[in-house]
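Keep in mind it's a predicted model, so treat the numbers as computed, not measured. In this chain, residues are counted from 1 in sequence order.
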Amino acid sequence: MADSDDRLIEFERLNALGKAVWLGGFAVRLLGNAVEAVLDRAADVVVEAERAFRQGLDPDIEEAKILEEYREERPRR
């Protein structure tokens with residue numbers, strides 16, 4: 001695949017179609033960068049949450065056990 005074409009474009013010299021294409025490409029690139037940043041941050045949160053969960057595990061406990069179950073009665077209106 002060829003390297004990306006990063007030529008310097010003089011915006012003032014573009015015709016109406018060229019300006020529309022340039023602005024559309026700019027908007028797509030900006031949106032793509034924003035989506036990438038959000039996904040990177042979400043991945044970081046997931047990794048840190050999993051690490052915190054694993055560090056908080058007690059090695060002496062095999063599984064969580066339900067000590068008592070009860071049903072909360074709600075008054076009907």
Side-chain angles (χ1 to χ4, degrees):
M1 186 175 223
D3 292 333
S4 63
D5 191 9
D6 291 333
R7 291 182 292 179
L8 182 62
I9 297 173
E10 295 178 19
F11 188 75
E12 296 80 22
R13 296 185 69 192
L14 294 174
N15 60 13
L17 179 61
K19 288 179 182 179
V21 169
W22 187 88
L23 288 173
F26 179 76
V28 168
R29 179 174 272 181
L30 189 65
L31 181 63
N33 289 342
V35 168
E36 184 178 359
V38 168
L39 291 177
D40 284 346
R41 183 64 187 134
D44 291 344
V45 168
V46 168
V47 168
E48 291 204 21
E50 184 175 354
R51 183 170 42 90
F53 173 75
R54 293 199 186 281
Q55 286 177 349
L57 290 179
D58 187 352
D60 298 329
I61 298 175
E62 290 179 21
E63 286 186 29
K65 295 184 175 116
I66 297 173
L67 299 177
E68 184 179 342
E69 253 185 53
Y70 66 95
R71 182 180 204 144
E72 185 178 324
E73 296 293 328
R74 295 182 183 178
R76 293 186 179 181
R77 294 182 191 192

- Task: For the residue pair Glu36 and Leu39, establish whether any side-chain heavy-atom pair is separated by less than 4.5 Å.
- Result: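 They are not in side-chain contact.
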- Should we say atom CZ of Phe11 is surrounded by more than 12 heavy atoms from elsewhere, each under 6.0 Å from it?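 Correct, the count exceeds 12.
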- Message: Just verifying a value: how many Å separate Leu14 CG and Leu23 CG, rounded to the nearest 0.5 Å?
- Response: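 So the CG of Leu14 and the CG of Leu23 are separated by 9.0 Å.
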